**Student:** 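Quick one: this structure, given as structure tokens, is what I'll be asking you about.
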Amino acid sequence: MSHSGFHAFKKVRSMGVEQKFAQAVFVIGPTASGKTALAHQLFEQLQSELKKPCQLVNIDAFQFYRSVSIGVAKPTSQEISSYGYRGIDILEPLGSMDAARYAEFVWGACREISDNGRLPVCVGGSGLYLRSVLHGLDPLPERNDALRQMFRASAQAWGWPALHGWLKTLAPLRAAQLHPNDKTRIERALEIVFQLPEGVAPESVFQSTQTLAKQELLGSSYVIRVDCDDDVLRRRIASRIDAMFASGWLSEVKNLQQQFGAEFALSQAGKAIGYREIIAALAENEAPDAPQISELKARIATLTWQYVRRQRTWNAKERFDWEFDSTDGIAKIQFPASFLSFLDHYHA
RNA sequence: GGCGCUUUAGCUCAGUCGGUAGAGCAGUAGAUUGAAAAUCUACGUGUCCCCAGUUCGAUUCUGGGAGGCGCCA
């Protein structure tokens, strides 16, 4: 395994932050808040009013799987082509992605779009992915599934708190930041420690990160945060779920299961909100009746709302330049001065 | 109408051999460095259905009443 990324990191850090994209607009916000609608409107008005062609880039962690569409609120194929979306349908349904790899993809896409004289507009609600694109992740050793399997087997036998204890002997500072039950991060921390090059002290790698607002940006960015009143958002979520079922969400899941069997449920895409629940419901009853469907919808709405809360917690720490209230829907946009000056700066 | 079961947190239910009660889910808040729509953490006072009785003390026992479910008529 190569650690060139790690050494490159040291070098870059000592010379200051490297720009990863020239200039980009980001549209962030919780699910169903209207990010996508706002981005589309932005596209239109930038084109017609400001003569500024742009192109959309997806930063949603679940929209890049082919054939996994309805439940992840993917734009239609027509929208994908007319807005020049990048980063959608770039993986097979069973594929997997990670934040660092995706950040590279987005940076590349933004560079290409800029090189073609357009403005990249990145849309998405995944906190970690946004963070890695906007601020970057330290180039730590990469994901290693063989190691992970080993850790999981140990955890099965001894429990995660025991692995946490193990981490404590290897990287006490990092261990102190993690709860003994936090399996995802304990696993990742051990994975990093085990792959460090000879002579690199774990404690030198695990440095506490600054708050998001203070972290340097990897390009010139303008962040629009979209949100709306709770009751409006709740209603939108409910009606969006209804619409998803109406447009054949169940058959989409059935097809995926037919094609990939149990593999799909275990895949990353299969863990998206709603997919898990539908898979479970279909396992109980191949043709759910009306009461079962409405129970399923309610369950999915609950999970979606919980997700909204997590997104807001994350977004609250992220810097933003313009807060857009979508409570009354999204009509014609009045561009704020800060946005216009951001664009001017781009021309200069 | 008779018999049986049941009534406890927003919901589903434990439990207290009599000393006023706790799980799951929901809710709220927080965390988040390559699975992130993932994962993890913290937060639990409610006329224990009502009335009366026994008792130092009843959500718990006894009697009556009311609601729910089931069976028999």
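Small disclaimer: the values here were computed from a predicted structure and weren't measured. So you know, we letter chains A, B, ... as the sequences are listed, proteins then strands, and number each from 1.
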**Student:** Any base atoms under 4.0 Å from A/Gly274, or only sugar-phosphate, or nothing? Heavy atoms, all strands.
**Tutor:** nothing
**Student:** May I have the distance from A/Arg131 (atom CZ) to B/A31 (atom P), rounded to whole angstrom?
**Tutor:** 12 Å
**Student:** Quick one: sort the A/Phe339 and A/Phe335 rings into parallel, tilted or perpendicular, breaks at 30° and 60°.
**Tutor:** parallel
**Student:** Specify the residue among A/Thr302 and A/Tyr307 whose closest nucleotide of RNA chain B lies further upstream toward the 5′ end.
**Tutor:** A/Thr302
**Student:** Determine the Euclidean distance between corresponding P atoms of B/A14 and B/U39; express it in Å to zero decimal places.
**Tutor:** 29 Å
**Student:** How close or far is atom P of B/U41 from atom CD1 of A/Ile186, stated in whole angstroms?
**Tutor:** 10 Å
**Student:** Report yes if a donor N or O on one partner sits less than 3.5 Å from an acceptor N or O on the other, where the partners are the side chain of A/Arg101 and the base of B/G34; otherwise report no.
**Tutor:** no
**Student:** Rounded to whole Å, how long is the line connecting atom CG of A/Asn181 with atom C1' of B/G30?
**Tutor:** 16 Å
**Student:** Quick check: does any side chain N or O of A/Ser67 sit under 3.5 Å from a backbone N or O of A/Pro93, one acting as donor and the other as acceptor?
**Tutor:** no
**Student:** Using a cut-off of strictly less than 4.0 Å, decide whether A/Thr313 has a side-chain nitrogen or oxygen near OP1 or OP2 of B/G30.
**Tutor:** yes
**Student:** Counting Watson-Crick and G-U wobble pairs only, both distances under 3.5 Å, name the nucleotide matched with B/A23, or none.
**Tutor:** B/U12
**Student:** Less than 4.0 angstrom between a side-chain N/O of A/Lys183 and OP1 or OP2 of B/A38, yes or no?
**Tutor:** no
**Student:** Between A/Gln55 and A/Ile113, is there a donor-acceptor pair closer than 3.5 Å when you use the side chain of the first and the backbone of the second?
**Tutor:** no
**Student:** Could you measure between the two P atoms, the one in B/G19 and the one in B/A58, and give it in whole Å?
**Tutor:** 11 Å
**Student:** Within this structure, what is the CG-to-C1' distance between A/Leu137 and B/G34, rounded to whole angstrom?
**Tutor:** 7 Å
**Student:** Within the 4.0 Å heavy-atom criterion, would you say A/Glu104 contacts the bases, only the backbone, or no part of the nucleic acid?
**Tutor:** nothing
**Student:** Measuring only the P atom in each nucleotide, how far is B/G68 from B/U8? A whole number of Å is fine.
**Tutor:** 14 Å
**Student:** Any side-chain N or O of A/Gln311 below 4.0 angstrom from OP1/OP2 of B/A37?
**Tutor:** no
**Student:** Does B/A26 have its OP1 or OP2 closer than 4.0 Å to a side-chain nitrogen or oxygen of A/Arg299?
**Tutor:** yes
**Student:** Does B/A42 have a Watson-Crick or wobble partner in any strand here, with both distances under 3.5 angstrom, and which is it?
**Tutor:** B/U28
**Student:** Let me know the distance between CD of A/Gln195 and C1' of B/U33, rounded to the nearest Å.
**Tutor:** 14 Å
**Student:** For A/Trp160 and B/A38, what is the distance between atoms CH2 and P respectively, to the nearest whole Å?
**Tutor:** 18 Å
**Student:** Could you tell me how far B/C5 sits from B/C40 if I compare only their P atoms? Round to whole Å.
**Tutor:** 42 Å
**Student:** Can you find a side chain N or O atom of A/Gln306 that sits less than 4.0 Å from OP1 or OP2 on B/A37?
**Tutor:** no
**Student:** For A/Tyr129, answer base if it contacts any base atom (sugar-phosphate contacts may also be present), sugar-phosphate if it contacts only those atoms, and nothing otherwise; contact means non-hydrogen atoms under 4.0 Å.
**Tutor:** sugar-phosphate
**Student:** Between P on B/U32 and CZ on A/Phe206, what's the gap in Å once rounded to a whole number?
**Tutor:** 15 Å
**Student:** When the P atoms of B/C43 and B/A38 are compared, how many Å lie between them, rounded to an integer?
**Tutor:** 23 Å
**Student:** Once you apply a heavy-atom cut-off of 4.0 Å, does A/Arg276 come out as touching a base, just sugar-phosphate, or nothing?
**Tutor:** sugar-phosphate
**Student:** Which nucleotide wins on minimum distance to the side chain of A/Trp314, given the candidates B/U33, B/G34, B/A36?
**Tutor:** B/A36
**Student:** Check the chi torsion on B/G22 and let me know: syn if it falls within 90° of 0, anti if not.
**Tutor:** anti
**Student:** With C1' as the reference atom in both, quote the distance from B/G2 to B/U12 in angstrom, rounded to an integer.
**Tutor:** 31 Å
**Student:** A/Met97 has an atom CE; how far is it from atom P of B/A37, in whole Å?
**Tutor:** 13 Å
**Student:** Return yes if some donor-acceptor pair links the side-chain N/O of A/Ser126 with the main-chain N/O of A/Ala61 below 3.5 Å, else return no.
**Tutor:** yes
**Student:** Verify the distance criterion only: is there a donor paired with an acceptor across the side chains of A/Tyr275 and A/Glu252 at less than 3.5 Å?
**Tutor:** yes
**Student:** Where the side chain of A/Arg143 is defined as all heavy atoms beyond and including C-beta, which of B/U33, B/A36, B/G34 is the nearest nucleotide?
**Tutor:** B/G34
**Student:** Heavy-atom nearest nucleotide on RNA chain B for A/Phe64 versus A/Lys317: which residue maps closer to 5'?
**Tutor:** A/Lys317
**Student:** State whether the side chain of A/Gln41 and the backbone N or O of A/Ile330 hold a donor-acceptor pair below 3.5 Å, judged by distance alone.
**Tutor:** no
**Student:** So does A/Tyr65 get a backbone contact from the side chain of A/Lys74, meaning a donor-acceptor N/O pair under 3.5 Å?
**Tutor:** yes
**Student:** Looking only at atom C1', what distance separates B/U54 and B/G63, rounded to whole Å?
**Tutor:** 11 Å
**Student:** Both distances under 3.5 Å, Watson-Crick or G-U wobble: report the partner of B/C17, or none.
**Tutor:** none
**Student:** Hey, does the side chain of A/Ser126 come within less than 4.0 Å of B/A36's phosphate (OP1/OP2), counting only N and O?
**Tutor:** no
**Student:** Can you tell me if the side-chain N/O atoms of A/Arg310 get under 4.0 Å from OP1 or OP2 in B/G30?
**Tutor:** no
**Student:** Please give the nucleotide sitting opposite B/C61 as a Watson-Crick or G-U wobble pair, both distances under 3.5 Å, or none.
**Tutor:** B/G53
**Student:** Out of B/G34, B/G27, B/A38, which nucleotide sits closest to the side chain of A/Asp98?
**Tutor:** B/G34
**Student:** Is it true that a side-chain atom of A/Gln268 and a backbone atom of A/Met97 form a donor plus acceptor pair closer than 3.5 Å?
**Tutor:** yes
**Student:** Please check: side-chain N/O of A/Glu191 versus main-chain N/O of A/Asn144, any donor-acceptor pairing under 3.5 Å?
**Tutor:** yes
**Student:** B/U33, B/G34, B/A38: which one has an atom nearest the side-chain heavy atoms of A/Thr184?
**Tutor:** B/A38
**Student:** Taking only side-chain nitrogens and oxygens of A/Trp305, does any of them come within less than 4.0 Å of OP1 or OP2 of B/U28?
**Tutor:** yes
**Student:** With both distances kept under 3.5 Å, what pairs with B/G4, Watson-Crick or G-U wobble?
**Tutor:** B/C69
**Student:** Provide the distance between the two C1' atoms, one in B/U59 and one in B/A73, to the nearest whole Å.
**Tutor:** 35 Å
**Student:** Classify the side chain of A/Arg185 versus the base of B/A38 as yes if they form a donor-acceptor pair under 3.5 Å and no if they do not.
**Tutor:** yes
